[in-house]
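In what follows, a structure is listed as structure tokens, so that the remarks can point back to it.
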Amino acid sequence: MNIEQERMLTLDDCIKCSACSAQCPVAAVYPSFPGPKSVGPDMERLRLEGVRLDSKVLAYCSNCKTCEVTCPSGVKITAMILGARKDAVKKEKSSASKQKKRSGSYVQHRVRDALLGNAEYLGRAGTLWPKGTNGLLEIPFMRGLLEKSLGISRLASIPKYQARFKIKESGNVSPADSDFNPEQSVVYFPGCFVNYNDARTGYAITKVLEHQGYIVIVPPFHCCGVPLTANGHFTAAEEKAKRNLVLMEPYLKAGIPIITSCTSCGLTLKEDYPSVKGPGAERIGEQSYDFFEFLWKLNEQGKLKKDFRTISESLGYHAPCHLKAQGIGTPAVRILRLIPGIQIADLDAGCCGLSGSYGFKAEKYNLAQKIGSNLFRSAREGVVQKRFQSIISECSGCREQIEHGSGVKAEHPVWTLVKAYGLIRMDN
């Protein structure tokens with residue numbers, strides 16, 4: 001069943017309880033956004049009758065999927081909104097071909113969204129000379145120019161580029177090799193942030209998996225497609241998915257798990273890729289695991305190595321929206337609580353507001369900060385009250401936004417495991 005069919009079949013399941021709108025982080029701080037019930041199921045019925053409302057309203061949905069997590073009837077609200085955005089993009093392209101002149105803001109936003117959507121190509125360019133790229137983006141004049149010319153907020157915290165993530169030893173292992181052992185192999189899908197902005201966390205993930213006795217295979221994957229979808233480039237996102245599925249197919253056939261350390265990548269592989277017409281699509285949903293979800297599975301099977309050192313730390317934990325949408329709970333918290341000395345406080349303070357590239361946009365920056373204000377306050381208060389020293393979260397965007405909005409250090413929870421296992425030295 002594809003997304004279009006799924007969104008149609010769940011339309012009549014909406015009982016109009018408005019729970020989705022009550023929990024929507026955007027509607028809570030931006031009264032002009034009618035909420036997911038209105039722009040989702042309600043507008044969907046109008047769209048079926050040929051009525052099209054202002055597409056600009058749809059763009060204020062941050063795709064956090066809180067509405068779907070909240071819905072008691074399992075209505076695919078975000079799928080409806082994305083479907084409406086997809087229809088609006090087609091209509092805009094059609095009208096644009098008939099009109100030679102477009103407004104300056106329309107052209108600006110289209111160019112900006114194309115750039116932000118192509119995170120993979122931005123990453124490749126940024127990592128050619130990371131130090132130079134980072135230095136350039138720190139110049140106030142350049143940030144002001146980006147805001148004026150492209151609509152990228154001069155105040156937003158743009159992640160710094162680093163040397164690209166590369167696995168030399170086992171990255172090219174193939175199921176066709178005579179000595180290949182599928183029982184001792186996993187495939188790691190690093191995602192754009194690890195590939196271009198945080199290679200060290202990628203190496204930490206691989207080290208922990210190797211410590212469990214696995215060979216970690218890292219094919220030359222492309223962007224998962226989430227940035228493209230979020231910025232209205234649906235066809236390009238599907239092409240990325242097809243190219244990744246081609247790379248995954250031999251491993252999926254061999255029954256090898258696909259591991260992700262980015263919650264948005266993981267949700268995309270589980271929810272979106274199965275509807276793509278490509279090799280391996282029928283397997284990817286069942287064989288994809290969040291990194292800590294996979295470790296918890298090993299723990300339940302009695303296979304997780306527990307040679308932990310005592311780590312006397314108190315950590316605040318933020319659950320990303322796209323982790324909640326996977327319906328797997330908080331496996332990172334369960335795993336880390338196995339480590340002697342670790343104390344974890346679940347902040348339970350709502351969405352961070354960044355939502356990928358949403359909070360980078362000039363017209364949405366202040367809105368994103370308002371959405372995350374409760375989380376920022378909880379982070380600061382927790383440190384001041386000495387309930388924890390720092391924040392952990394699986395989502396790179398959440399970590400970036402937490403540090404930007406609160407000043408509190410945030411890192412991927414794998415680093416706590418790295419310390420506990422004694423794998424702290426990992427020069428890349």
Side-chain angles (χ1 to χ4, degrees), residues 25 157 159-160 193-194 197-198 200-205 207-209 211-212 261-263 266 290-300 304-324 326 328-354 369 371-426:
S157 176
K160 295 185 183 303
F193 195 84
V194 162
N197 304 100
D198 191 15
R200 292 186 70 251
T201 290
Y203 296 124
I205 296 286
K207 287 293 182 182
V208 171
L209 289 170
H211 188 67
Q212 307 304 322
S261 56
C262 167
T263 54
D290 172 78
F291 171 69
F292 280 98
E293 178 189 15
F294 181 73
L295 294 185
W296 186 254
K297 180 182 177 182
L298 294 182
N299 181 62
E300 290 181 322
L304 179 73
K305 290 191 177 180
K306 298 179 182 177
D307 50 334
F308 300 127
R309 301 178 180 183
T310 298
I311 305 292
S312 298
E313 287 186 5
S314 296
L315 303 167
Y317 173 73
H318 168 67
C321 294
H322 283 180
L323 178 74
K324 296 177 183 177
Q326 293 181 43
I328 58 174
T330 53
V333 174
R334 297 197 297 270
I335 288 290
L336 296 188
R337 282 179 174 162
L338 298 175
I339 301 171
I342 288 290
Q343 298 293 322
I344 300 178
D346 190 341
L347 272 66
D348 192 23
C351 181
C352 78
L354 186 64
Q369 293 300 300
I371 291 171
S373 60
N374 189 45
L375 174 59
F376 306 152
R377 182 171 57 254
S378 296
R380 288 192 296 266
E381 289 177 353
V383 171
V384 169
Q385 296 167 3
K386 297 184 179 180
R387 291 191 292 116
F388 47 79
Q389 292 100 20
S390 60
I391 304 293
I392 53 172
S393 181
E394 296 95 326
C395 176
S396 57
C398 292
R399 298 195 300 271
E400 191 76 22
Q401 182 80 329
I402 289 168
E403 291 193 353
H404 178 60
S406 70
V408 177
K409 180 185 176 183
E411 63 182 8
H412 195 287
V414 69
W415 287 104
T416 306
L417 266 184
V418 165
K419 296 174 190 174
Y421 280 133
L423 305 172
I424 193 66
R425 184 171 178 81
M426 294 183 307

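Index from 1, following the sequence.
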Between the side chain of Lys305 and the main-chain N/O of His211, is any donor-acceptor distance below 3.5 Å? yes
One pair to check against side-chain contact (heavy atoms from CB on, under 4.5 Å): Val333 and Asp346. What are the steps and the verdict? CA-CA 9 Å; Val333 174; Asp346 190 341; 5.6 Å; no
Atom of Lys419, atom of Glu411 and distance for their closest heavy-atom approach: NZ-OE2, 4.0 Å
Hey, what do you get for CG (Asp348) to OH (Tyr317), rounding to the nearest 0.5 Å? 11.0 Å
Roughly how far, to the nearest 0.5 Å, is the OG1 atom of Thr201 from the CZ atom of Phe291? 10.5 Å
Could you measure the distance from the CD atom of Glu300 to the CG atom of Leu295? Nearest 0.5 Å is fine. 11.5 Å
Residue pair Thr330 / Trp296, side-chain heavy-atom distance below 4.5 Å: no
Side chain proximity check, Asn197 to Ser396, heavy atoms < 4.5 angstrom: no
Side-chain (Asn374) to main-chain (Ala349) donor-acceptor, under 3.5 angstrom: yes
Between side-chain atoms of residues 402-409 and protein atoms elsewhere (two or more places apart, or another chain), which donor-acceptor pairs fall under 3.5 Å?
from, atom 1, to, atom 2, distance (Å)
Glu403, OE2, Ala410, N, 2.8
His404, NE2, Leu155, O, 3.3
His404, NE2, Tyr365, OH, 2.9
Ser406, OG, Ile402, O, 2.5
Ser406, OG, Val408, N, 3.1

Does the side chain of Asp290 reach to within under 4.5 Å of the side chain of Pro331, using non-hydrogen atoms? yes
side-chain contact (heavy atoms from CB on, under 4.5 Å) assessment of Cys398 paired with Gln401: CA-CA 5 Å; Cys398 292; Gln401 182 80 329; 5.8 Å; no
So do Arg337 and Ile344 actually touch side chain to side chain, heavy atoms under 4.5 Å? yes
At their closest point, which heavy atom of Ser261 faces which heavy atom of Val194, and how far apart are they? OG-CG2, 4.1 Å
Work out which heavy atom in Cys395 is nearest to a heavy atom in Thr263; give both atom names and the distance. CB-OG1, 3.7 Å
So, taking the atom named CG in Leu417 and the one named CD1 in Ile335, what distance separates them when rounded to the nearest 0.5 Å? 7.0 Å
CG on Leu347 to OG on Ser378, rounded to 0.5 Å: 5.5 Å
Is the shortest side-chain heavy-atom distance between Val414 and Val208 below 4.5 Å? yes
If you measure from CD1 on Ile342 to OG on Ser312, what distance do you get to the nearest 0.5 Å? 8.0 Å
Carefully, step by step, assess Glu400 and Ser157 under the rule side-chain hydrogen bond (donor to acceptor under 3.5 Å, both in side chains). CA-CA 7 Å; Glu400 191 76 22; Ser157 176; 2.8 Å; yes
Can you list everything that forms a salt bridge (Lys or Arg N to Asp or Glu O under 4.0 Å) with Lys324? Sequence neighbours excluded, please. none
Show every donor-acceptor pair shorter than 3.5 Å between a side-chain atom in residues 382-392 and any protein atom, with sequence neighbours excluded, or say none if there are none.
from, atom 1, to, atom 2, distance (Å)
Gln385, OE1, Arg387, NE, 3.3
Gln389, OE1, Ser314, N, 3.0

Between His412 and Phe292, how do the two ring planes meet: parallel, tilted or perpendicular, split at 30° and 60°? parallel
Can you give me the closest heavy-atom contact between Leu323 and Gly329, atom names plus distance? CD2-O, 3.7 Å
For side-chain contact (heavy atoms from CB on, under 4.5 Å), just list the numbers for Leu423 and Tyr203, CA-CA rounded to whole Å, side-chain angles, deciding distance to a tenth of an Å, and then say yes or no. CA-CA 11 Å; Leu423 305 172; Tyr203 296 124; over 6 Å; no
Please name the pair of heavy atoms, one in Gly397 and one in Leu354, separated by the smallest distance, quoted to 0.1 Å. O-CD2, 3.3 Å
